[in-house]
Amino acid sequence: MWISKKPDILASEITPREVFEQRREFIKAAGLGAIGAALASAGLMNSTRAEANSPASGLQKISDFKKTPYGAGETLTPYEDVTSYNNFYEFGTGKSDPKPQSRLFKPRPWTVSIEGEVSKPRTLSIDDIFKIAPLEERIYRMRCVEGWSMVIPWIGLPLASLIKYAEPTGKAKYVEFISLADPKMMPGVRAPILDWPYVEGLRMDEAMNPLTIMAVGLYGEVLPNQNGAPMRLVVPWKYGFKGGKSIVKIRFTDKMPLTTWVRSGPTEYGFYANVNPTVDHPRWTQSTERRIGGGLFSPRIKTQMFNGYADQVASLYTGMDLRKNF
Ligand SMILES: Nc1nc2c(c(=O)[nH]1)N[C@H]1C(S)=C(S)[C@@H](COP(=O)(O)O)O[C@H]1N2
Ligand SMILES: [Mo]
């Protein structure tokens with residue numbers, strides 16, 4: 001994400017990707033030269049997928065989850081890329097900032113308050129949320145708005161389960177997701193980079209769609225801080241910014257929430273933010289994307305309508321002009 005009125009953010013969104021990739025390529029080249037070639041020919045070096053499947057992060061493992069067919073057959077983005085190339089402005093505007101800057105962030109204990117149009121407002125602990133529904137692993141493409149994408153094995157619960165548990169009233173037409181804004185643990189929040197807290201929202205039917213999950217983990221472990229610990233939204237047919245991180249409040253409303261990016265740049269970012277290769281961002285094409293982790297010279301690939309999930313979600317937007325409702 002970036003916005004026109006803040007040139008520092010603009011710069012940080014464009015340059016770091018190149019710098020970051022170059023540095024990674026350099027590290028790979030340096031590290032995998034002679035030794036890597038020897039190990040590979042001796043069959044001792046596993047593929048990135050196998051390597052990525054057992055992250056040596058020290059984070060708590062999640063063992064009680066069911067694997068689902070969602071996204072089976074996709075090549076996963078290596079764990080290292082998923083957890084070191086991030087957008088999380090509470091921890092800095094550069095893609096490589098969140099990992100080091102969130103080191104001291106404490107995602108536990110954690111409570112989430114459920115309020116607004118519900119039969120009874122309540123506060124849940126993150127452990128309660130783990131128990132609302134059985135956890136599932138789902139492999140989804142995370143599509144980011146600047147033309148890059150990742151394929152991530154998320155662990156989470158269907159948002160629909162959490163919503164049913166929350167018992168919204170008949171007046172609830174939208175759900176608002178509010179992230180933590182703690183200046184003590186989040187250095188970015190001490191600066192007026194965005195209007196804190198970060199706010200996202202979905203229409204109720206989008207929130208209830210079976211594809212939408214509240215993620216609590218990835219790659220078989222609890223979420224790393226930089227990916228939105230302890231709980232973040234994942235909406236696979238929308239641009240990445242719809243996935244609010246480190247959520248502390250879920251509010252049901254009768255009005256469309258004013259989300260952070262719409263507030264920052266209403267002509268650039270819409271409420272819906274559906275992946276749509278036929279509607280360009282005012283300043284860049286949205287018809288192609290680059291898979292992160294494929295190396296500097298990986299070719300751009302064609303972006304699919306609704307990020308490839310059209311069969312499941314196109315009907316949510318029947319009759320809507322997707323140029324106006326971008
Ligand atoms: N609270 C909060 N949530 C956020 C953001 C943020 O800055 N703050 N960035 C969004 C954007 S622009 C993207 S692309 C995704 C990135 O998620 P990832 O780092 O896990 O890939 O998180 C989204 N959620
Ligand atoms: Mo993004």
Side-chain angles (χ1 to χ4, degrees), residues 1-3 6 9-10 12-14 16-17 20 76-102 105 107 112 140-156 176-182 185-189 191 193-202 213-219 221-236 238-250 259-265 268-270 273 275 281 284 286 289-293 303 307:
M1 297 298 308
W2 57 283
I3 46 182
K6 304 213 172 64
I9 291 178
L10 185 155
S12 73
E13 285 287 317
I14 297 302
R17 184 206 305 164
F20 178 95
L76 301 182
T77 303
Y79 182 82
E80 178 59 22
D81 294 292
V82 172
T83 58
S84 60
Y85 187 80
N86 302 101
N87 264 346
F88 200 168
Y89 279 16
E90 287 85 337
F91 297 106
T93 56
K95 295 279 189 289
S96 52
D97 291 339
K99 185 178 177 181
Q101 300 280 356
S102 67
F105 179 67
V112 180
Y140 281 156
R141 278 183 294 279
M142 168 65 99
R143 173 71 168 74
C144 284
V145 77
E146 300 88 0
W148 49 277
S149 57
M150 295 189 185
V151 181
I152 304 175
W154 298 105
I155 297 172
E176 193 175 19
F177 303 90
I178 299 154
S179 297
L180 182 71
D182 178 352
M185 292 197 291
M186 298 171 140
V189 171
I193 300 165
L194 292 173
D195 276 316
W196 310 112
Y198 191 96
V199 173
E200 256 314 329
L202 293 173
I213 59 170
M214 198 50 101
V216 294
L218 55 83
Y219 270 109
E221 299 183 339
V222 296
L223 286 178
N225 292 343
Q226 61 272 29
N227 292 87
M231 180 180 109
R232 61 89 57 80
L233 192 64
V234 174
V235 194
K238 294 179 180 275
Y239 290 115
F241 65 91
K242 293 303 286 183
K245 294 177 165 181
S246 304
I247 293 168
V248 287
K249 210 178 274 186
I250 299 176
T259 59
T260 294
W261 289 107
V262 171
R263 182 191 287 245
S264 303
E268 311 223 345
Y269 305 107
V275 172
H281 183 276
W284 59 72
Q286 303 204 118
E289 68 201 64
R290 214 171 50 85
R291 274 290 147 83
I292 297 296
T303 291
N307 203 18

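Keep in mind that the numbers below use all heavy atoms, side chains included, and drop hydrogens, waters and symmetry copies. When a ligand or atom number is given, it counts from 1 through the structure's own listing order. Residue numbers count from 1 along this sequence.
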| query | Is the centre of the Phe105 ring less than 6.0 Å from the centre of the Phe91 ring? | reply | yes
| query | Does ligand 1 have any atom that is closer than 4.0 Å to a heavy atom of Cys144? | reply | yes
| For Trp148 and ligand 1, does the shortest N/O to N/O distance drop below 3.5 Å? | no
| field | Aromatic ring pairing Trp261/Phe241, orientation class (parallel under 30°, perpendicular over 60°, tilted between) | value | perpendicular
| request: Return yes or no for this condition: an N or O of Asn86 is under 3.5 Å from an N or O of ligand 1. | output: yes
| query | Is it true that a side-chain atom of Lys242 and a backbone atom of Gly201 form a donor plus acceptor pair closer than 3.5 Å? | reply | yes
| request: Under the salt bridge (charged side-chain N to carboxylate O under 4.0 Å, His left out) rule, collect the residues that match up with Asp182, sequence neighbours excluded. | output: none
| Pick from Ser149, Gly228, Gly240, Pro197: the one approaching atom 15 (C) of ligand 1 most closely through a non-hydrogen atom | Gly240
| note | Checking heavy atoms under 4.0 Å, the part of Met150 that sits near ligand 1 is neither
| query | What are the two closest non-hydrogen atoms of Val275 and Arg143, and how far apart are they? | reply | CG2-CG, 3.5 Å
| query | Among Phe177, Tyr239, Tyr198, which one has a heavy atom closest to atom 10 (C) of ligand 1? | reply | Tyr198
| request: Go through the structure and list residues passing salt bridge (charged side-chain N to carboxylate O under 4.0 Å, His left out) with Lys245, not counting sequence neighbours. | output: none
| request: Work out whether the distance between some heavy atom of Arg232 and some atom of ligand 1 is less than 4.0 Å. | output: yes
